2 protein chains.
Amino acid sequence: MAAAPRRRVRRGEPIPVWRQIEIDLTFEIRTGFFGPGDRLPSESELAKAYGVHRHTVRVALARLADEGLVVARQGKGVFVARRPVEYAVTRESKWSEFEQRLAARPDGKLLRSSRRTATAELAALLAIAPGSELLVLESLRRAGPGVSAYCYHVFEHARFAGIDEAFRRLRSYTPALAELGHPEFFRTRTWIDGRLPRADEARALAVASDTPVMVMSYVDAGRDGAPILFGSAVVPAGRLRFRVDSP
Amino acid sequence: MAAAPRRRVRRGEPIPVWRQIEIDLTFEIRTGFFGPGDRLPSESELAKAYGVHRHTVRVALARLADEGLVVARQGKGVFVARRPVEYAVTRESKWSEFEQRLAARPDGKLLRSSRRTATAELAALLAIAPGSELLVLESLRRAGPGVSAYCYHVFEHARFAGIDEAFRRLRSYTPALAELGHPEFFRTRTWIDGRLPRADEARALAVASDTPVMVMSYVDAGRDGAPILFGSAVVPAGRLRFRVDSP
C-alpha cells in the first residue's frame with residue numbers, strides 16, 4: 001500500500017541535519033512536488049514531520065532562500081520561486097547566443113590562457129595529431145540572471161593562434177572565430193557530468209567550494225564537420241538546467 | 001603570452017588541501033588533459049607543483065584510485081583509467097535498455113511507493129488535471145559497472161494503478177508498462193541538473209553524503225505523444241556521463 005511522502009533525517013551523517021532538510025526540500029522542489037508559486041508546509045509542520053526543532057527547519061529554509069529556490073512572504077509563508085533558466089542542448093547551442101538572450105551585449109571575460117599537449121583523447125576529438133600543441137582559454141561568461149559559467153575552450157594552437165586576443169577584445173567566440181575565418185560553427189556532441197568546483201572556479205563563480213557544479217563538455221565543428229574546438233562549461237548546480245528535446 | 005597549466009591550492013578554504021588537489025586532478029582527467037592510459041606526473045612532481053608535502057598528494061591520489069579514475073601500477077606510476085559509461089540521451093533512451101546492455105536481465109528493485117497530489121507543474125508535464133492523485137515509485141537500478149541509479153517514477157494513479165506491483169514482479173518498467181496496455185514509450189524531454197544526495201539516496205547508492213549526484217529528469221510518452229510518466233534518475237557524479245549527439 002502506498003504511503004505518504006517520507007520526511008526523515010539521519011543522525012551521525014557527515015552533513016548536518018539542517019543541510020539534510022535543505023537537500024530534501026531541494027529534491028521536492030526541483031522534482032516538482034512543490035512547483036513555482038506553491039506554498040511549502042509551515043515551519044512547525046516541517047519540524048514535526050522531520051522530528052527536529054523549528055530552528056533547524058528555519059536554517060534550512062534560509063539557505064533555500066539564499067539559493068533562490070524559495071521566497072518568504074511576510075505573514076503568508078514560504079513559496080517556491082520561479083524555475084532556473086534552461087539551456088537547451090541542440091546543434092545550435094552557443095554560450096554566445098545564450099548570453100545575448102540575457103544580456104544586452106557579449107560580456108565574456110578572458111581569465112587566462114595556457115598551453116597543453118594534446119592527449120590521444122583530445123587529439124581524436126579535435127581530429128588533430130596526438131602531441132600537437134593546444135591553446136586553452138579560461139573565461140567567465142554570463143549564464144543566466146546572476147549566474148556565471150567558468151569556461152574552458154581548447155583549440156589547436158597552430159590553426160587558432162590569436163584566438164585569445166580576439167576573444168579578449170570581442171568578449172564572445174562567435175565574432176572571434178569569424179575573424180579567424182570560421183563564420184559558422186555547430187555543436188556536434190555534448191557530455192554532461194558533475195563534480196565539486198576547483199578553487200579558482202568556486203571563487204570566480206562566487207559559490208562555496210563544497211557546492212556541486214555541472215560540467216557540460218562539447219565539440220563544436222564547422223559546416224563541413226571538421227572540429228573547431230573542445231569546450232567545457234562549469235556552472236553551479238541548481239542555477240541552470242540543461243534541457244534536451246527529443247520530440 | 002600563454003603560460004603553463006597552473007596547479008595551485010588555496011589555504012583556509014572549507015575543503016582540505018588534499019581534496020582540492022583531488023578535484024584539480026579530477027578536472028584534468030575528466031576534461032581529457034590526461035586521457036585513458038596516460039601516466040600522471042609523479043608524486044614528487046605534483047607535490048612540487050602544488051607546493052605541498054608528498055603525503056598530501058598521496059592522499060589525493062588514493063582517493064582518485066578509490067573512485068576508479070586512476071590505477072596505480074607498482075613501480076610504474078599512476079595511470080588514468082578507462083572512461084565511465086556513457087548514457088546517450090535520445091528518443092529511445094530507457095533505463096531498462098541501458099541496464100540490459102550491462103546486466104543479463106532486469107534487476108530493478110522497488111524501494112517504496114507513495115502518493116502525492118499533482119502540482120500545476122507536474123500536472124502540465126503529465127497532461128492531467130492539477131490536484132490529481134499521483135503514484136510515486138522509488139527504485140534502485142543498475143547504471144553501469146558497479147554503479148546504481150536511484151529512480152523516481154511518477155504516474156497518474158487513476159490510469160496506472162498496479163504499476164508498483166508489476167514493477168516489483170518484473171523488475172523493469174518496459175514489461176510492466178506493456179502489461180498495463182502501454183507496449184511502447186519514448187523519451188520526449190530531458191532535463192539534467194546536479195545536487196547533493198538525500199540521505200536515503202546516498203545510502204542506497206553507497207556514496208558519501210557530500211558527494212555530488214547528477215539528476216536526469218524526463219517525460220516519457222506513448223507513440224501518440226500522450227505523456228505516460230515523469231521520471232527522475234539520480235546517479236553519482238563521475239560514474240556515468242550523459243551524452244547528447246547533434247550531428
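Letters A, B, ... mirror the listed sequences (proteins, then strands); counts begin at 1. Just so it is clear, the structure is predicted and the values come from calculations on it, not from any experiment.
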Practice task
May I ask you to check whether B/E45 and B/Y50 show a side-chain donor-acceptor distance below 3.5 Å?
Solution key: no
Problem - CZ/A/R82: more than 12 non-hydrogen atoms of other groups inside 6.0 Å - result: no
Problem - Largest heavy-atom contact set with chain B, pairs under 4.5 Å, which of A/G35, A/G194, A/P236, A/A208 - result: A/G194
Exercise for the section: Fit a plane to each ring of B/F27 and A/Y152, take the angle between them on a 0 to 90° scale, and name the class: parallel (under 30°), tilted (30 to 60°) or perpendicular (over 60°). Expected result: tilted
Problem - Residue among B/V9, B/D200, B/V89 with most heavy-atom pairs under 4.5 Å to chain A - result: B/D200
Practice task
If the plane angle is over 60° it's perpendicular, under 30° parallel, otherwise tilted; pick one for B/Y87 and B/W95.
Solution key: tilted
Exercise for the section: Name the region of A/V219, side chain, backbone, both or neither, that has any atom closer than 4.5 Å to a heavy atom of chain B. Expected result: neither
Practice task
Considering only heavy atoms and a distance below 4.5 Å, find which of A/V154, A/L134, A/L196 pairs most often with chain B.
Solution key: A/L196
Exercise for the section: Check whether B/V213 gets within reach of chain A through its side chain, its backbone, both or neither, counting any heavy atom under 4.5 Å. Expected result: neither
Exercise for the section: Kindly give the heavy-atom pair with the smallest separation between A/T90 and A/R187, and that separation in Å. Expected result: O-CB, 3.3 Å
Completion exercise
Given B/F242, B/F230, B/W191, the one with more heavy-atom pairs under 4.5 angstrom with chain A than any other is B/W191
Completion exercise
Among B/R189, B/R91, B/E22, the residue with the most heavy-atom pairs under 4.5 Å to chain A is B/R189
Handout entry: Residue B/L240 versus chain A: region with a heavy atom under 4.5 Å
Key = backbone
Exercise for the section: Flag the one option from B/E138, B/R203, B/R83 with the top tally of heavy-atom pairs under 4.5 Å to chain A. Expected result: B/R203
Practice task
Considering only heavy atoms and a distance below 4.5 Å, find which of A/T119, A/I23, A/D193 pairs most often with chain B.
Solution key: A/D193
Practice task
Might you point out which heavy atoms bring A/L64 and A/L25 nearest each other, and give the distance in Å?
Solution key: CD1-CB, 3.7 Å
Fill in the blank from the handout: In terms of heavy-atom pairs under 4.5 Å with chain B, the winner among A/A199, A/S209, A/P36 is A/S209
Fill in the blank from the handout: Scanning both residues in full, the closest heavy-atom pair of B/A129 with B/A118 reads O-CB, 4.3 Å
Problem - Minimum heavy-atom distance between A/I228 and A/G222, given as atom pair plus value - result: CD1-N, 3.6 Å
Exercise for the section: Go through the atoms of A/E86 and report whether side chain, backbone, both or neither lie under 4.5 Å from a heavy atom of chain B. Expected result: side chain
Fill in the blank from the handout: Cut-off 4.5 Å, heavy atoms of chain B, and the answer for A/L125 is neither
Completion exercise
Per-residue tally against chain B (heavy atom, under 4.5 Å) across A/R8, A/R239, A/E201, A/M214 peaks at A/M214
Fill in the blank from the handout: Comparing A/L122, A/V234, A/D210 against chain B, the one with the most heavy-atom pairs below 4.5 Å turns out to be A/L122
Practice task
Over all heavy atoms of both residues, which pair between A/A226 and A/D224 is shortest? Give the atoms and the distance, please.
Solution key: N-OD1, 3.0 Å
Problem - Per-residue contact mode, A/P84 against chain B (heavy atom under 4.5 angstrom) - result: neither
Exercise for the section: Could you tell me how the ring of B/H153 sits relative to the ring of B/Y218: parallel (under 30°), tilted (30 to 60°) or perpendicular (over 60°)? Expected result: perpendicular
